[in-house]
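Everything below concerns the one structure shown next.
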Amino acid sequence: MTLLPLFEWIGSTDIGLTIRDSMWLFPVIQCTHLLALAMLGGSLIVVDLRLLGLGLKRHPVIYLSRQAYPWLIGSLLMMLVTGLLLTSSETLKIYFSPPFWWKMRFLAVAILFTFTVRRNALRLEDIQLEPFKGKTIAVVSLVLWFGVGFSGRWIAFY
Amino acid sequence: MSPLEFFEWLQNTYWSTAIRESLMLYPLILTTHVLALCLSVGLIAIVDLRLIGVRFRNVLISEVTAKLIPWALVGFFLMVTSGLLLFYATPLKAAQNVFFQIKMVALLLAGINACLFHAAIYRKATTWDSLQIVPFRARLAGCVSLTLWTVVLVSGRLQAFNWFN
């Protein structure tokens with residue numbers, strides 16, 4: 001079974017057609033996607049730096065992660081919604097783009113990791129969180145999200 | 001030599017053409033440019049949120065700037081380096097693009113805002129460093145910064161669309 005029919009259907013919806021036929025909708029959604037990227041990056045990095053023993057190290061991990069969390073969720077949701085809208089307007093190009101599928105693999109693993117392993121660790125008090133474990137989680141988180149962004153940027157080219 | 005003649009000359013240099021026509025180099029530089037944004041603008045946004053008093057209120061203003069701005073500068077250095085290379089690859093097209101021009105003005109204003117904050121507002125910060133809600137002028141600097149960086153990102157993205165050329 002292939003996902004092609006699903007992509008064709010998304011592309012044939014009113015939303016997909018409207019964005020494709022509009023001159024300014026696609027760029028505007030892309031801008032929102034990019035702004036959310038900056039915010040997502042900031043809310044991840046401020047906590048991952050702390051896990052690495054850098055940045056705001058005078059403050060407990062649990063405090064920083066709780067402060068960053070609403071912005072992490074908000075920007076991630078914004079990225080998912082705008083990303084889906086962008087995809088819907090050029091489904092066939094996207095379907096045959098290898099970087100898109102790399103992005104989806106990275107994204108699936110990154111989301112899974114962020115909301116299981118990373119989230120559980122960020123709930124701990126500093127004394128309960130082993131520094132090595134914290135550092136490993138930060139590196140894995142940064143690498144996974146970097147993979148999402150990197151392959152995402154290449155969709156335009158291949 | 002007029003600026004346009006200079007950009008035309010620049011565009012015809014060996015390396016400009018090499019980057020422009022490369023299948024790997026150009027996307028790689030562009031990717032560096034976009035991802036460094038998470039480090040620079042992402043962390044600047046975190047500092048601004050603290051300044052405005054939206055998040056991280058337990059963190060001192062001096063702390064959030066001293067600990068996060070150096071990392072933002074690393075990202076900014078990557079952005080400027082990759083940005084210069086991108087400009088070098090297509091100087092004529094970029095210089096004549098209205099969004100590129102808007103982006104440069106917004107970038108300059110963001111720089112001036114940051115300098116003003118440091119010179120005029122932040123020097124007196126010892127009195128309000130630990131306040132959860134800082135004086136109006138400092139909060140304003142945070143709002144101005146967020147707005148200008150939004151303009152930089154949006155115009156940078158729209159630069160790809162050559163609507164007015």
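Scope of the values below: all heavy atoms of this structure, side chains included, with no hydrogens, waters or symmetry mates. The sequence lines fix the lettering, A, B, ..., with proteins before strands; numbering per chain opens at 1. Since this is a predicted model, take the numbers as computed values, not measurements.
Around the CE atom of B/Met104, the shell of radius 6.0 Å holds more than 12 heavy atoms that belong to other residues, nucleotides or ligands. The 12-atom threshold is exceeded at CH2 of A/Trp101, counting heavy atoms of other residues, nucleotides or ligands nearer than 6.0 Å. Within a 6.0 Å sphere centred on CZ of A/Arg66, other residues, nucleotides and ligands contribute 12 heavy atoms or fewer. Counting heavy-atom neighbours within 6.0 Å of A/Asp21 CG, excluding the residue itself, gives a total above 12. Under a cut-off of 6.0 angstrom, the local environment of CZ in B/Phe76 is sparse, with at most 12 non-hydrogen atoms contributed by other residues, nucleotides or ligands. For A/Ile15, the CD1 atom counts as loosely surrounded, since its 6.0 Å shell holds 12 or fewer non-hydrogen atoms of other residues, nucleotides or ligands. Heavy atoms of other residues, nucleotides or ligands lying less than 6.0 angstrom from NZ of A/Lys93 number more than 12.
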Take B/Leu35 and A/Arg153 through the side-chain contact (heavy atoms from CB on, under 4.5 Å) test and state the conclusion after the steps.
CA-CA 9 Å; B/Leu35 289 181; A/Arg153 183 56 267 202; over 6 Å; no
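Looking at A/Ala156, neither its backbone nor its side chain comes within 4.5 Å of chain B, counting heavy atoms on both sides. Heavy atoms closer than 4.5 Å to chain B are found in both the backbone and the side chain of A/Phe146. For chain B, no part of A/Trp145 is nearby; none of its heavy atoms comes within less than 4.5 Å. Interface remark: A/Leu64 contributes backbone and side-chain atoms alike to the contact with chain B (heavy atom separation under 4.5 Å). With a 4.5 angstrom heavy-atom cutoff, A/Phe157 touches chain B only via side-chain atoms. Only the side chain of A/Leu49 comes within less than 4.5 Å of a heavy atom in chain B; its backbone stays farther off.
Side-chain contact between A/Met39 and B/Leu49 is present, with heavy atoms from C-beta onward closer than 4.5 Å. In this structure, the side chains of A/Trp154 and B/Leu28 come closer than 4.5 Å at one or more pairs of heavy atoms. Considering only heavy atoms from C-beta on, B/Leu153 stays 4.5 Å or farther from A/Leu37 through its side chain.
Taking non-hydrogen atoms and a 4.5 Å limit, the residue list of residues 1-10 of chain B in contact with chain A is empty.
The greatest number of non-hydrogen atom pairs below 4.5 Å with chain A, out of B/Lys67, B/Arg57, B/Glu63, is found for B/Glu63. The candidate from B/Val41, B/Ile46, B/Leu37 with the greatest count of non-hydrogen atom pairs under 4.5 Å with chain A is B/Ile46. Taking A/Tyr158, A/Phe150, A/Tyr63 one by one and counting their heavy-atom pairs under 4.5 Å with chain B, the maximum is reached by A/Tyr63. Ranked by heavy-atom pairs under 4.5 Å with chain A, the first of B/Leu30, B/Asn58, B/Val154 is B/Asn58. Heavy-atom pairs under 4.5 Å with chain B peak, among A/Gly149, A/Ser43, A/Gly55, at A/Gly55.
Side-chain heavy atoms closer than 4.5 Å link hydrophobic residues (I, L, V, M, F, W, Y) into clusters, and following such links, possibly through other members, connects B/Met24 to B/Tyr14. In the hydrophobic clustering of this structure, B/Leu86 groups with B/Leu84; members are Ile, Leu, Val, Met, Phe, Trp, Tyr whose side-chain heavy atoms approach within less than 4.5 Å, directly or through other members. When the side chains of ILVMFWY residues are joined at heavy-atom separations under 4.5 Å, either directly or via intervening members, A/Val47 and A/Phe132 end up in two distinct hydrophobic clusters. Tracing side-chain contacts under 4.5 Å through hydrophobic residues (I, L, V, M, F, W, Y), one reaches A/Val28 starting from A/Leu80; they form part of the same cluster. Linking Ile, Leu, Val, Met, Phe, Trp and Tyr residues whenever their side-chain heavy atoms come within less than 4.5 Å places A/Ile94 and A/Ile10 in a single cluster.
Counting all heavy atoms, side chain and backbone alike, B/Arg157 lies closest to A/Leu34 at CB-CD2, 3.9 Å. The nearest pair of heavy atoms linking B/Cys38 to A/Gly41 is CB-CA, 3.8 Å.
Here A/Leu56 contributes atom CG and B/Phe56 contributes atom CZ; the two are 7.5 Å apart, rounded to the nearest 0.5 Å. Rounded to the nearest 0.5 angstrom, A/Phe26 CZ and B/Phe161 CZ are separated by 6.0 Å. With rounding to the nearest 0.5 Å, the separation of CG in B/Leu39 from CD1 in A/Ile45 is 5.0 Å.
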